[in-house]
2 protein chains.
Amino acid sequence: MSDFEPGRRQRKKQATRDDLMDHAARLFDERGFDAVTTTDIAEAADVSQRTFFRHFSSKEAVLYGHADVLRRRLLDEFANRPDQESVVDSVIAAVRAMGGYYETHHDETFLQARLAADFPAVAAYARAYVQNDWEHELTAAIAARMGIDPLADPRPEILASAAFAAYRAAVRRWSAGGGRAAFGELLDESLAALATFPG
Amino acid sequence: MSDFEPGRRQRKKQATRDDLMDHAARLFDERGFDAVTTTDIAEAADVSQRTFFRHFSSKEAVLYGHADVLRRRLLDEFANRPDQESVVDSVIAAVRAMGGYYETHHDETFLQARLAADFPAVAAYARAYVQNDWEHELTAAIAARMGIDPLADPRPEILASAAFAAYRAAVRRWSAGGGRAAFGELLDESLAALATFPG
DNA sequence: TTGACTTATGTCAGTGACTGACATAAACTC
DNA sequence: GAGTTTATGTCAGTCACTGACATAAGTCAA
């Protein structure tokens with residue numbers, strides 16, 4: 001039950017989840033988002049549609065099944081920044097660390113970007129659920145670091161929101177360029193604008 | 001066909017739309033968002049469900065049927081700011097002008113805030129469609145004012161995003177206080193943090 | 001006024017995302 | 001090996017949303 005011994009049951013559950021994500025990505029890539037049904041994905045992974053919805057709360061969610069990995073990178077990096085560093089620089093470093101995922105998972109992230117550009121429902125999900133969650137968590141971390149209440153003081157939310165605006169700008173440029181540019185460099189350029197805001 | 005003579009057809013269409021929005025607001029207020037179906041709303045307005053979807057693209061959309069009014073206020077105010085004013089101050093003034101809607105339409109906007117707090121689907125729609133649209137338009141206006149390309153330079157998007165983060169913070173505080181505080185003052189306080197960012 | 005047209009709406013049938021309830025077999029525990 | 005937990009299958013259902021076609025009201029020109 002620890003991290004070292006997931007047990008057969010947990011391993012099978014994880015395998016089913018991974019299967020669903022892999023087949024969903026393949027089908028979305030081949031046909032686009034709208035032309036794939038949740039039943040298609042379930043059948044490709046050889047499970048029932050009901051099982052699909054036990055693993056993912058929506059058709060969009062299966063496309064962002066690794067969002068918690070990115071969130072963890074974001075928060076871990078932020079937490080590990082030195083205390084004497086400015087909060088803005090810590091935020092930049094945290095988002096930058098999260099962006100490293102794009103370099104090691106090029107096809108997965110580029111598919112997300114492409115589908116978000118082509119299908120409004122995908123973009124809406126990414127914005128309203130995935131990024132919103134990241135932003136909310138980062139806001140809480142910033143507020144804790146600053147020693148203030150994020151419900152009373154808008155600054156943590158503003159900073160987190162600005163950081164993800166820079167992140168989105170980088171994704172857009174990267175996606176528009178066919179995913180050929182080095183994402184990390186685009187992200188660095190975008191995030192640099194944070195330090196000189198509102199420059 | 002001009003603004004002065006909408007014609008009977010246009011007037012009836014607008015009346016149907018207004019009816020749908022009014023009955024939807026009443027039903028949502030009484031029962032909550034999930035417990036009201038689009039058929040309920042249509043029947044309350046004495047039209048078919050198909051007509052509902054000819055006026056609104058989703059069940060969420062009917063709750064934000066006045067979003068284009070707020071967008072127009074935002075963009076008009078921004079366009080009318082003096083050229084010598086700093087862009088940040090113009091953005092603050094534009095969002096502040098938009099926020100004036102809350103003071104003249106208290107019940108409508110408070111219902112939106114309450115439902116967004118209680119129903120994730122409402123919050124997601126507000127974030128991914130309504131605010132995203134405003135943010136996108138404001139980004140374009142900022143970029144035009146700065147004379148730069150918003151696809152190449154992330155600063156307009158960052159500024160617009162930061163402004164709406166301040167806006168959301170104000171709405172949250174207002175909503176948490178039961179809508180009794182003066183929204184304009186809360187918004188002023190939030191927006192002040194923009195000028196001193198990242199202070 | 002009449003006749004041609006445009007368009008807002010109704011009706012109908014369908015698709016597909018998502019959910020609750022119940023049963024089962026595998027995995028886990030002792 | 002017995003008892004418990006849980007991931008999955010099956011089934012039936014709700015509801016948001018859409019395309020196709022018909023109709024009646026509104027519009028406009030002769």
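In this text, all values refer to a predicted model and were calculated from it rather than measured experimentally. Residue numbers start from 1 in every chain, and the chains themselves are labelled A, B, ... in the order their sequence lines are given, proteins ahead of strands.
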Using the closest heavy atom to pick a nucleotide of DNA chain C for each, name whichever of A:Arg8 or B:His55 lands nearer the 5' end.
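Nearest-nucleotide comparison on DNA chain C picks B:His55.
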Taking ring-ring contact (aromatic ring centres under 6.0 Å, His included) as the definition, give me every residue that meets it alongside A:Phe197, ordered by chain and number, with sequence neighbours left out.
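Here the qualifying residues are B:Phe197.
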Those residues that, when tested against [X], pass salt bridge (charged side-chain N to carboxylate O under 4.0 Å, His left out) (two or more places apart):
X	value
B:Arg26	B:Glu30
B:Arg172	A:Glu157
B:Asp118	none

Does [X] reach the side chain of [Y], with side-chain heavy atoms less than 4.5 Å apart?
X	Y	value
A:Glu108	A:Tyr101	yes
B:Arg8	B:Arg11	yes
B:Val87	B:Met146	yes

Linking I/L/V/M/F/W/Y whenever their side-chain heavy atoms sit closer than 4.5 Å, directly or via other members, would A:Leu151 and B:Val171 fall into one cluster?
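A:Leu151 does not cluster with B:Val171.
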Identify all side-chain donor-acceptor contacts of residues 158-166 of chain B below 3.5 Å with residues at least two apart in sequence or on another chain.
from	atom 1	to	atom 2	distance (Å)
B:Ser161	OG	A:Ser161	O	3.4
B:Ser161	OG	A:Ser161	OG	3.2
B:Ser161	OG	A:Arg168	NH2	3.3
B:Ser161	OG	B:Glu135	OE2	3.3

Can you sort out which residues in [range] have a heavy atom within less than 4.0 Å of DNA chain D? Ascending by number, please.
range	value
residues 9-19 of chain B	B:Arg9, B:Lys12
residues 119-127 of chain B	none
residues 43-50 of chain B	B:Gln49, B:Arg50

[atom1] of [X] versus [atom2] of [N]: gap in Å, rounded?
X	N	atom1	atom2	value
B:Phe52	C:dG10	CZ	P	13 Å
A:Arg54	C:dC22	CZ	P	14 Å
A:Lys59	D:dC17	NZ	P	14 Å
A:Phe56	D:dA7	CZ	C1'	14 Å

For A:Arg50, side chain to side chain donor-acceptor pair (under 3.5 Å) partners two or more places apart
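In terms of side chain to side chain donor-acceptor pair (under 3.5 Å), with neighbours along the sequence ignored, A:Arg50 is linked to no residue.
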Atom NE2 of A:His136 with >12 non-hydrogen neighbours under 6.0 angstrom
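No.
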Does A:Asp46 have more than 12 heavy atoms from other residues, nucleotides or ligands lying within 6.0 Å of its CG?
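Atom CG in A:Asp46 is not packed in, count stays at 12 or less.
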Look at B:Arg73 together with B:Glu77 and state whether they make a salt bridge at an N to O cut-off of under 4.0 Å.
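No, this pair does not count.
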Which sits closer to the 5' end of DNA chain D, B:Glu60 or A:Thr51, going by the nucleotide each is nearest to?
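Looking at the nearest nucleotide for each, A:Thr51 comes out on the 5' side.
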Per-pair distances, 0.1 Å, donor-acceptor, side chain in residues 181-189 of chain A, under 3.5 Å, sequence neighbours excluded:
from	atom 1	to	atom 2	distance (Å)
A:Asp188	OD1	A:Arg96	NE	2.7
A:Asp188	OD2	A:Arg96	NE	3.3
A:Glu189	OE1	A:Arg173	NH1	3.1

Side chain of A:Phe53: nearest nucleotide among C:dA27, C:dA17, D:dG9?
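Nearest nucleotide to the side chain: C:dA17.
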Enter the distance from A:Phe110:CZ to A:Leu115:CG here, rounded to the nearest 0.5 Å.
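That separation rounds to 10.0 Å.
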Contacts to DNA chain C from residues 30-41 of chain B, heavy-atom cutoff under 4.0 Å, which residues?
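Hits under 4.0 Å, by residue number: none.
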Between the axis at one end of the helix from C:dT1-D:dA30 to C:dC30-D:dG1 and the axis at the other (five pairs apiece), what's the angle to 10 degrees?
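For the helix from C:dT1-D:dA30 to C:dC30-D:dG1, the axes at either end differ by 30°.
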Could you go step by step and tell me if B:Tyr167 and B:Leu74 meet the side-chain contact (heavy atoms from CB on, under 4.5 Å) rule?
CA-CA 12 Å; B:Tyr167 164 85; B:Leu74 175 79; over 6 Å; no
